[in-house]
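In this text the structure is predicted, and so the values were computed from the model without any measurement.
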Amino acid sequence: MFITRVAFQGRPFWARCEENEVLLLGWNLEQVAQVSRQDVHPLPLLSPGKVVCVGMNYYAHAREMDKAVPEEPLLFLKPGSAVIDHGQPIRLPTQSAEVHYEGELAVVMKSLCCKVSEAEAIRHVLGYTCANDVTARDLQTKDIQYTRAKGFDTFCPLGPGIETGVQALREARISTWVNDESVQSGLVSDMIVSPLALVAFISKVMTLHPGDVILTGTPPGVGTLNPGDQVCVDIEGIGRLCNPVQ
């Protein structure tokens with residue numbers, strides 16, 4: 001089920017949009033009401049309390065970055081202020097001369113999640129969406145720490161919606177396109193640590209809250225974004241996230 005966010009009578013809801021009607025859903029995806037499209041207004045897809053990211057979760061990406069594969073998942077955070085929706089512009093900061101795209105699968109949390117096993121993790125997952133872990137690569141190298149390089153406003157596009165019923169997630173292909181040229185490609189099954197294993201690992205470090213997002217790592221092929229580019233992240237069975245670059 002492909003869902004987005006809307007406001008109805010001043011309240012936010014998850015929603016499944018049909019031709020003339022909108023099915024309003026609660027956080028656990030229970031049906032609340034069916035209303036006319038004219039009675040709802042679109043909201044930003046996500047306003048996460050935190051975005052937890054995973055570095056070097058593909059062997060080939062670690063090789064292209066000339067870095068060793070970490071023994072455990074390498075975690076870092078993006079601020080909620082970096083999040084933008086499908087179609088909104090990525091703004092290149094003046095502090096960086098080398099901003100890269102990183103197409104990724106994102107996991108969206110549904111319920112409070114603390115110290116769970118991999119088998120239990122699925123009960124706390126709302127669904128999956130596309131993400132672009134935009135990175136100021138020169139600042140990442142300079143700072144060593146990731147906060148500034150990953151944390152600029154507009155550096156976390158998410159969308160276009162959330163798919164709650166992915167049947168063949170492991171075989172889904174993640175692709176990134178810049179100006180209609182394919183620049184990245186990899187399978188979810190190529191990940192060193194699977195999405196649900198990442199949920200479990202992170203939940204033993206920090207409590208995950210409803211609406212929190214996990215970025216699961218990028219396949220090889222990262223590269224530079226320039227003003228005027230159009231960058232799209234496409235994940236089979238989930239959707240296509242596109243953003244212009246300014």
Can you find a pair of side-chain heavy atoms, one from [X] and one from [Y], that are under 4.5 Å apart?
X: Asn226; Y: Val245; answer: no
X: Glu104; Y: Val233; answer: no
X: Val52; Y: Leu77; answer: yes
X: Arg5; Y: Pro12; answer: yes
X: Val40; Y: Val35; answer: yes
X: Ile214; Y: Pro195; answer: no

Using atom types as modelled and distance alone, determine if a side-chain donor or acceptor of [X] lies under 3.5 Å from a backbone N or O of [Y].
X: Glu21; Y: Glu18; value: no
X: Glu163; Y: Gly165; value: yes
X: Thr129; Y: Gly161; value: yes
X: His86; Y: Leu241; value: no
X: Glu30; Y: Asn28; value: yes
X: Lys78; Y: Val134; value: yes
X: Gln140; Y: Tyr146; value: no
X: Asn179; Y: Gln230; value: yes
X: Thr135; Y: Ala149; value: no

More than 12 non-hydrogen atoms from neighbouring residues, nucleotides or ligands closer than 6.0 Å to CD on Gln38, yes or no?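 12 or below, so no.
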Above 12 or not: heavy atoms from other molecules or residues under 6.0 Å from CD of Glu64?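 Atom CD in Glu64 is packed in, count exceeds 12.
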Checking His100 against Thr224 for the side-chain contact (heavy atoms from CB on, under 4.5 Å) test, could you report, in this order, the C-alpha distance in whole Å, the side-chain angles of both residues, the deciding distance, and whether it holds? CA-CA 4 Å; His100 283 192; Thr224 305; 3.6 Å; yes
Which value, rounded to the nearest 0.5 Å, describes the distance between [X] atom [atom1] and [Y] atom [atom2]?
X: Arg16; Y: Thr4; atom1: CZ; atom2: OG1; answer: 13.5 Å
X: Glu236; Y: Glu171; atom1: CD; atom2: CD; answer: 9.5 Å
X: Arg91; Y: Thr154; atom1: CZ; atom2: OG1; answer: 5.0 Å
X: Thr216; Y: Ile192; atom1: OG1; atom2: CD1; answer: 11.5 Å
X: His124; Y: Ser203; atom1: NE2; atom2: OG; answer: 8.0 Å
X: Asp39; Y: Phe8; atom1: CG; atom2: CZ; answer: 6.0 Å

Nearest heavy-atom pair of [X] and [Y]: which atoms, and what distance?
X: Ser185; Y: Pro219; answer: O-CB, 3.9 Å
X: Ser96; Y: Asp138; answer: OG-OD1, 2.7 Å
X: Cys17; Y: Val22; answer: SG-CG2, 4.2 Å
X: Pro44; Y: Asp85; answer: CA-OD2, 3.2 Å
X: Tyr128; Y: Val166; answer: CD1-CG2, 3.9 Å
X: Met109; Y: His209; answer: CB-O, 3.5 Å

Between [X] and [Y], is there shared hydrophobic-cluster membership here, with clusters defined by ILVMFWY side-chain heavy atoms closer than 4.5 Å?
X: Val51; Y: Leu126; answer: yes
X: Leu46; Y: Val54; answer: no
X: Ile235; Y: Val193; answer: yes
X: Leu75; Y: Val116; answer: no
X: Leu196; Y: Met191; answer: yes

Carboxylate-amine/guanidinium proximity below 4.0 Å for Glu98 and Lys142: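 Salt bridge flag = no for Lys142 with Glu98.
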So Asn243 and Asn132, side-chain contact (heavy atoms from CB on, under 4.5 Å) or not? Walk me through it. CA-CA 9 Å; Asn243 300 89; Asn132 192 343; 5.5 Å; no
With side-chain contact (heavy atoms from CB on, under 4.5 Å) as the criterion, how do Leu169 and Ile238 come out once you've worked through the C-alpha distance, each side chain's angles and the decisive distance to 0.1 Å? CA-CA 9 Å; Leu169 182 64; Ile238 294 176; 4.3 Å; yes
Begin from the C-alpha positions of Arg137 and Val222 and carry the test side-chain contact (heavy atoms from CB on, under 4.5 Å) through to its verdict. CA-CA 10 Å; Arg137 194 70 69 198; Val222 299; 3.8 Å; yes
Are Ser175 and Asp234 linked by a side-chain donor-acceptor pair shorter than 3.5 Å?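 There is no such pair between these side chains.
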